[in-house]
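A short write-up of the structure that comes next.
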Number of protein chains: 2
Amino acid sequence: MGASRIDIYSENINNIAAAAKVFAHPARVAILQYISNQKSCICNDIVDEIGLSQATISQHLKVINSAGLLKGTFEGKSVCYCIHLEHFQELQELFNSFFNQTKSNCC
Amino acid sequence: MGASRIDIYSENINNIAAAAKVFAHPARVAILQYISNQKSCICNDIVDEIGLSQATISQHLKVINSAGLLKGTFEGKSVCYCIHLEHFQELQELFNSFFNQTKSNCC
DNA sequence: CTTTAACATCGTAATATTGCAATATTACGA
DNA sequence: TCGTAATATTGCAATATTACGATGTTAAAG
């Protein structure tokens, strides 16, 4: 016990929760905002921008990337981080359909 | 180490992360959906609906309530859970403004 | 006043997350 | 090839989250 019991929920619910997890840490929100504000494909000034170590930023980037929210080159040197807009917007729609479904029927 | 360093981020970023945390667990998403689907102000069939113990559901409800997403009576017996629609929609707007701000400028 | 239904809270165990230092790995330039 | 800059990965330590049983607490029924 201690682990989330994802087996007992519908796929839609698990998808929403998994997506929310990406945004559930301020570092990841900040990283996404920073990347999206860069004119050109600049890379790890992220480490300088946000006050966390390179290892930690790299870990957060991995989480964001695993959710399909990044696009670019990821090998050795000269890496390029960009937002994967299509996937990003898919998540926005997922959230909005959840929000729009949820109404207040009582009180 | 181990704890999130919320002190180094802007308030807006922390707000988004805090809101996302509420939805970052499938049980809470399921609870919100269930409450919103009830015609009348029904209470803890939630425990029967979702396969978790009463103590666990109660904990999740506390998290949801702390985020300001519930409305109703919360004393002793005959409790009434409802979605606090205004706050709920505020969160929707918070997410949407974040999503809309985030663009892909490169690659 | 007692009982009971409906919750909340406490204590605790299991697991997940966060963060960093140290250590790979990789790509490019000298 | 060597050195180096730019990451990724590994291995902890600290903390947070999740889940549940047991135990309070409260309001209404009897």
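The sequence lines fix the lettering, A, B, ..., with proteins before strands; numbering per chain opens at 1.
Regarding A/Leu61, its CG atom lies at a distance of 15 Å from the P atom of D/dA6, rounded to whole Å. Summarising the geometry, the separation between NZ on B/Lys62 and P on D/dT18 is reported as 14 Å, rounded to the nearest angstrom. Protein atom CD1 of B/Ile57 is 11 Å distant from nucleotide atom C1' of D/dA19, rounded to whole Å. For A/Asp48 and D/dA5, the CG to C1' distance is 13 Å, given to the nearest whole Å. Put simply, CD1 on B/Ile8 is 12 Å from C1' on C/dT18, counting in whole angstrom units. Between the CD atom of B/Gln54 and the C1' atom of D/dT18 there is a distance of 15 Å, given to the nearest Å. If you take CD1 of B/Ile31 and C1' of C/dC7, they are 14 Å apart, rounded to a whole angstrom.
In this structure A/Asp48 satisfies the side-chain hydrogen bond (donor to acceptor under 3.5 Å, both in side chains) test with no other residue, sequence neighbours excluded.
When the side-chain nitrogen and oxygen atoms of A/His25 are compared with OP1 and OP2 of C/dG19, one or more of them lie within a distance under 4.0 Å. Using a 4.0 Å cut-off, no side-chain N or O of A/Thr56 falls inside it from OP1 or OP2 of C/dG19. A sub-4.0 Å separation between OP1 or OP2 of D/dT17 and a side-chain N or O of B/His60 is absent. At least one side-chain nitrogen or oxygen of B/Tyr81 sits closer than 4.0 Å to the OP1 or OP2 atom of C/dA8.
Taking the side chain as every heavy atom from C-beta outward, B/Thr102 and A/Asn37 never approach each other to under 4.5 Å. With a 4.5 Å cut-off on side-chain heavy atoms, B/Glu86 and B/Lys71 count as touching.
A donor-acceptor contact under 3.5 angstrom links the side-chain atoms of B/Gln59 to the base of D/dA19.
Of the candidate nucleotides C/dA8, D/dG21, C/dT18, D/dG21 has the atom nearest to the side chain of B/Ser53. Considering only side-chain atoms of A/Leu52, the nucleotide from C/dG19, C/dT9, D/dG21 that sits closest is C/dG19.
Taking each heavy atom of A/Ile46 and A/Tyr81 in turn, the nearest pair found is CD1-CD1, 4.3 Å.
Between A/Ala24 and A/Ala55, it is A/Ala24 whose nearest contact on DNA chain C lies nearer the 5' terminus.
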N/O donor-acceptor pairs under 3.5 Å from side chains in residues 54-64 of chain B, not counting sequence neighbours:
| from | atom 1 | to | atom 2 | distance (Å) |
| --- | --- | --- | --- | --- |
| B/Thr56 | OG1 | B/Ser53 | OG | 2.9 |
| B/His60 | ND1 | B/Arg28 | NH1 | 3.1 |

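B/Asn100 and A/Gln92 form a side-chain donor-acceptor contact under 3.5 Å, judged by distance and modelled atom types alone.
Secondary-structure annotation of DNA chain C gives the stems C:1-30 with D:1-30, with a stem taken as at least 3 successive Watson-Crick or G-U pairs whose two distances both fall under 3.5 Å.
Classified by interplanar angle (parallel below 30°, tilted 30° to 60°, perpendicular above 60°), the ring pair A/Phe95/B/Phe23 is perpendicular.
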